[in-house]
There are 2 protein chains.
Amino acid sequence: MGTRRRGEELERAILHAAADELRESGYAGLTMDRVAARAGTNKNAIYRRWPHRAALGIAAYRHLSDAALPDPDTGSLRGDALEMLRKANETWSSPHGAVLRGLLAAAADDPELLTLMRERSGADTMDRAWLGMLERAAARGEAPAAAAHHRVATTPIMLLRAEYAMRGIPSVPDEVLVEIVDEVFLPLVRGRG
Amino acid sequence: MGTRRRGEELERAILHAAADELRESGYAGLTMDRVAARAGTNKNAIYRRWPHRAALGIAAYRHLSDAALPDPDTGSLRGDALEMLRKANETWSSPHGAVLRGLLAAAADDPELLTLMRERSGADTMDRAWLGMLERAAARGEAPAAAAHHRVATTPIMLLRAEYAMRGIPSVPDEVLVEIVDEVFLPLVRGRG
DNA sequence: CTTATAGGGTACGTGGCGTACCTTAAGCGG
DNA sequence: CCGCTTAAGGTACGCCACGTACCCTATAAG
């Protein structure tokens, strides 16, 4: 009776319900019927807003984490890089990360969804953080100025990403992170002099 | 009527049918009913051999390509590396590659399937080819011996893989490959002196 | 006060996986 | 040569989940 939710309010309720389902069951376990039930509405209201499950999943994902992105300042480039990698590894291996990987897999053959993902997952922001790190290192004289290059900055997380793609669910061991920094990232920075 | 196929013969027929379906419809479009129909048999015969769709998909994938893996010798490290990357890019952006990426996505949260994939997709072989390339370059005096390191060798393909994970279906543009080689791989090799 | 709009309820079509059962052919041991 | 075990064929089904179609009702806007 009385109150029938509409517009914004209903939309928030749906997204909230969907985010809860994501948290509890992951993307694979996210069903439209259960989201509708949990939000106390029906599938119509959902399909009027998102064309299919994947779109809802992606939209709901942002409600999971506001990803306080680290901006470490340990004093050394090596320390900063390791810190960044470790934080990323934590995030990706957490339940959040599992959800994110599930979404990524689901969007893998739909370019439209992929771009949506990138916007919502803050990948670009992360890239900029790495670039900033390199610039600070260059300012300290710890790295050549030519090292502050986009490809260089993104290399470590790209490697981490690929590592996840090859391995699967469990977190990447810390030794691998150290290797990425010591055997690839630092030599690479050095090599650009 | 005489002939009812059994054992090996039937198994080959099923795999052949599944491979055809993969080629035509990709992994997402691979259905058990159609494979059974195409092989002129029924789902029982399939489920007696593979526990689920994903397992069949992976088993059938090997019938698609025997991936003649390139072992270039252009005389320069840069040339060899670019050649390898370009071949990999071609493969990954071909229909074969689409199938492979579909399988990878499907196996993403099942470690057991992932290891199966790695065996069947010849990823390890590719890694060894890169290492060999680096060793030859070192022998020519074109690279420090310390550059022939596993992490270094796998970096370019890992970056390519990650690039696919971020972008989706279309092939990665050649400029990106060149950048990976010139801005990352070669400086990295140089930096390990 | 009327009317367009959007939500609620519900049922259904469709497709695909995996399973259950029974019937029938093949091969094998005696 | 014969029966028995094993594997194939045929078919139907349970189940689940997506997406759609209707029809009814509350809400807000004019």
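Here is how names work: the chains are called A, B, and so on, in the same order as the sequence lines, proteins then strands, and each is numbered from 1.
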One thing to verify: whether B:Glu142 and B:Arg136 come together as a salt bridge, which I'm taking to mean a side-chain N less than 4.0 angstrom from a carboxylate O.
no
Can you name the nearest heavy-atom pair linking B:Ala19 to B:Leu64, along with the distance?
O-CD2, 3.7 Å
I'd like to compare against my own output: the B/S/- annotation of nucleotides 8-21 of chain C with a strict under-4.0 Å heavy-atom distance to protein.
BBB-----SBBBBB
From CD1 of A:Ile46 over to P of C:dA6, roughly how many Å is that when rounded to an integer?
17 Å
Looking at B:Arg151 and A:Glu163, is any side-chain nitrogen of the basic one under 4.0 Å from a carboxylate oxygen of the acidic one?
yes
Quick one, B:Ser76 with B:Arg140, criterion side-chain hydrogen bond (donor to acceptor under 3.5 Å, both in side chains). Give me CA distance, side-chain angles, the key distance, then yes/no.
CA-CA 9 Å; B:Ser76 79; B:Arg140 284 198 304 268; over 6 Å; no
Whole angstrom value for the distance that separates C1' of D:dT6 from CZ of B:Arg49
12 Å
Under a 4.0 Å threshold between the charged nitrogen and the carboxylate oxygen, would A:Glu24 count as salt-bridged to A:Arg38?
yes
